[in-house]
Every structure is written in C-alpha cells, then in structure tokens.
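Letters go in sequence order (proteins before strands), and every chain restarts at 1. Hydrogens, waters and symmetry mates are skipped; everything else that's a heavy atom, side chains included, is used.
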Amino acid sequence: MCYSIAFMEKRAGKLAARYQGILPPGWKEQLAGNEAGDDVLPTYYFVSGFAHPNLPVFGHDGMMLASWGLIPHWVKDRELAEKLRNGTLNAVGETAFEKPSFRKSIRSQRCLLPVDGFFEWRAHDGKKYPYFIYPDGDDMFTLGCLYDLWTDKHTGEMIQTFSIITTPANSLMAIIHNQKNRMPLILPRDAETAWVDPDTPHATVKDMIQPAGEHGINAHPVSRKLNYARQDRNTPEAIERVTYDELPDL
DNA sequence: CCAGACGTTGTT
DNA sequence: GTCTGG
DNA sequence: CCAGACGTTGTT
DNA sequence: GTCTGG
C-alpha cells in the first residue's frame, strides 16, 4: 500500500512540461504562465494520506487539484464521506473493477499522481523502520490513480478526490514492506497516455496494473521520527538517509 | 425482494 | 450507484 | 500505515 | 483488542 508520499516539485510549469504528452493543446502554456498553483501547493517532504492533502493529478483533460482519499460520487452525506475516505487512500488493483467505490472511476476516471517518492515501513526485530523509496535522478514516480467528484447535497460543495492503485510488491518492496507485500502502481512513461485515456479497453487497463520492475527504484531507511504522527514530519530530514546498524541490507 | 454496506490493513 | 447477505 | 488512547457528566 | 488522530 501507500499511505504517505513526498511531493516537493510544486512548480506548475515544470509539471506541465513533464506531462505535456498527456495534456491537451494549450495546457502547457496555461500552466507555465500561471504560478498560482505554486501558492496552492505546499512542499511535502512527507505527507500522510490521512491528512487528505490536495495534490495535483493529471487526467485526460488536464491537471486538477484533488484530495487524497476517494469519495465515491454516490455518497449521500458527509458523515459517510468522511468515513469512507479514510479507507480509500488505496484501491487494490486486482479488485478495483468490482468494488462499488471504484468501479466507475477505474473505467473512465483514471489519473496520474507525480511524486518525488513514497514511504513504507519495514519490520525488524519488533521495530518499524520507515524507508523512503524514490526514482533515479530528477525524475518523479508517476503513480496510477483513480478520481471521482463528490457533491455535498447539503451545502453544494464539490470535492475532487483520488485514490492510489496498489499491486503486489516487487522483490525490492517485498523486503521493505515485509508485512504487507503491496506497493503503489508505478507506471512506465510510455503507459501514461493510455492510463488516462477513458477509452482505453478494460483489458488493457488490467494489463497495466502490474508491479513495477526494480530498475530505477531506490530506497533507503529514514528517521524513525516518522513513526510519530503527532510530530511535524514534513521537514527535509524526512527523506534523508539514516543508518541503522541493526538493519540488514536490502 | 429489502437493508445495509460500500475501504485499506493485519495475523513475527 | 451497485453489490452482498439474509 | 503508525502511536496512543481506551471514561463519565452536562448540554438549545 | 479496537478505535482515533495524524
């Protein structure tokens, strides 16, 4: 699974350039000339999905800000919305086509979430050690996600929300995430366009939901201060390597 | 049919 | 809105 | 996911 | 053991 991520790259123009292949004509120019997104987007060295942060996701018709934790469009009241969204940070890729909460979104409302990396915990000798998992160089991971738009019938408020698809762990992630053996869907660059295209056949979508290969994926242990949710964990230290003598290598 | 759930995770 | 359990 | 709490009373 | 907050 994937319950916390890093998102430091907040320049709308750079994101637009990175994802220009999936953006309709004109979007790159709009975003590049509009710095407003930078005011809206904080820098997250570490952010928990349970805080339901607003993050930029890319759908077939452009970029939108969406809150992490998918609220299905059919939810009738805020109470159920608040309850469900804590359980929809992730969507199991193997079952998303059947689940009432995801069946519409996985068919026609797929999107991409760029992240600088994500965090998972490794259990060793009765303790939990957080790891930061990140791509090579300056690139970002592109996570395969679903989105939905929910309207509060009572207030008229509309909330755009998303969920991160998960797959079984690859061999690297199985060592780190040794108690859950899941990982987020990391899409190869050449799959991005088809992922967001609402007309991509279901069979093709299913084929895309596979564990990423280990190539290009790096991971190192980070501070156990991340285990304490009440502390301010959104600091540059969150992604810095910490060496624990007792931890076996990956 | 109706009522109620609708999600993730875990079991070192 | 759609599925499951009874 | 993790750490930490885990109760009662009153209340237009 | 199970729920809540972050």
Query - Nearest listed nucleotide, side chain of A:Phe50, among C:dG1, D:dA3, E:dG6 - result: E:dG6

Query raised in the report: Out of C:dT2, E:dG6, B:dT9, which has the shortest distance to the side chain of A:Ser48?
Result: E:dG6

Query raised in the report: Now, which nucleotide makes the Watson-Crick or G-U wobble pair with C:dT2, with each of the two distances under 3.5 Å?
Result: B:dA5

Report task. Compare the minimum distances between each of D:dC2, B:dT9, D:dC1 and the side chain of A:Lys128, then state the nucleotide with the smallest one. Result -> D:dC2

Query raised in the report: Distance check: side-chain N/O of A:Asn90 vs OP1/OP2 of B:dT8, anything under 4.0 Å?
Result: no

Query - N/O (side chain, A:Arg103) to phosphate O (OP1/OP2, C:dC3) under 4.0 Å - result: yes

Query raised in the report: If we take the C1' atom in both B:dT9 and D:dC2, what is their distance in whole Å?
Result: 12 Å

Report task. Take atom OH of A:Tyr3 and atom P of D:dC1, then tell me their distance rounded to the nearest Å. Result -> 6 Å

Query - Whole-Å distance separating the CZ atom of A:Phe102 from the P atom of B:dG7 - result: 7 Å

Query raised in the report: For the pair made of CG in A:Leu146 and P in C:dG1, what is the distance, rounded to whole Å?
Result: 20 Å

Query raised in the report: Is there side-chain contact between A:Ser105 and A:Tyr147, with at least one heavy-atom pair below 4.5 Å?
Result: no

Query raised in the report: Taking the six-membered ring for Trp, are the ring centroids of A:Phe119 and A:Tyr131 within less than 6.0 Å of each other?
Result: no

Query - Atom P, compared across B:dT8 and C:dG5: separation rounded to whole Å - result: 16 Å

Report summary line: Considering only heavy side-chain atoms of A:Lys99, the closest of B:dC6, B:dT8, B:dT9 is B:dT8

Report task. Take the protein atom NZ of A:Lys153 and the nucleotide atom C1' of C:dG1, then report the distance between them rounded to whole Å. Result -> 11 Å

Query raised in the report: From the list B:dC6, B:dT9, D:dC2, which nucleotide is the closest neighbour of the side chain of A:Trp74?
Result: B:dC6

Query - Whole-Å gap separating P (C:dG1) and CH2 (A:Trp150) - result: 15 Å

Requested in this report: Run the ring-centre check on A:Tyr244 versus A:His124 and record whether the distance is less than 6.0 Å.
Outcome: no

Query raised in the report: Base, sugar-phosphate, or nothing: which does A:Ala123 touch, judged by heavy atoms less than 4.0 Å apart?
Result: nothing

Query raised in the report: Given the rule that I, L, V, M, F, W and Y join up when any side-chain heavy atoms are under 4.5 Å apart, are A:Met64 and A:Leu187 in one cluster?
Result: yes

Requested in this report: For B:dT11 versus D:dC1, give the span between their P atoms, rounded off to a whole number of Å.
Outcome: 8 Å

Query raised in the report: How would you label the contact of A:Lys127 with the nucleic acid (heavy atoms, under 4.0 Å): base, sugar-phosphate, or nothing?
Result: nothing

Requested in this report: Whole angstrom is fine here: how far is it from CD in A:Glu98 over to C1' in C:dC3?
Outcome: 11 Å

Report summary line: Against the side chain of A:Thr166, the closest entry in E:dG6, C:dG1, B:dT9 is B:dT9

Requested in this report: Could you measure between the two P atoms, the one in E:dG6 and the one in B:dG7, and give it in whole Å?
Outcome: 26 Å

**Report entry** Value in whole Å for how far the C1' atom of D:dC1 lies from CE of A:Met183
**Finding:** 16 Å

Query raised in the report: Considering heavy-atom distances to DNA chain D, does A:Asn86 or A:Arg230 have its closest nucleotide positioned more toward the 5' end?
Result: A:Asn86

Query raised in the report: Any cation-pi pair here, A:Arg224 with A:Tyr129, using under 6.0 Å and within 45°?
Result: yes

Query raised in the report: Counting side-chain heavy atoms from C-beta on, which of C:dC3, B:dT8, C:dG1 comes nearest to A:Val92?
Result: B:dT8

**Report entry** Least distance between heavy atoms, A:Leu55 atom then A:Phe162 atom
**Finding:** CD1-CZ, 4.0 Å

Query raised in the report: A:Arg233 CZ to D:dA3 P: how many Å, rounded?
Result: 10 Å

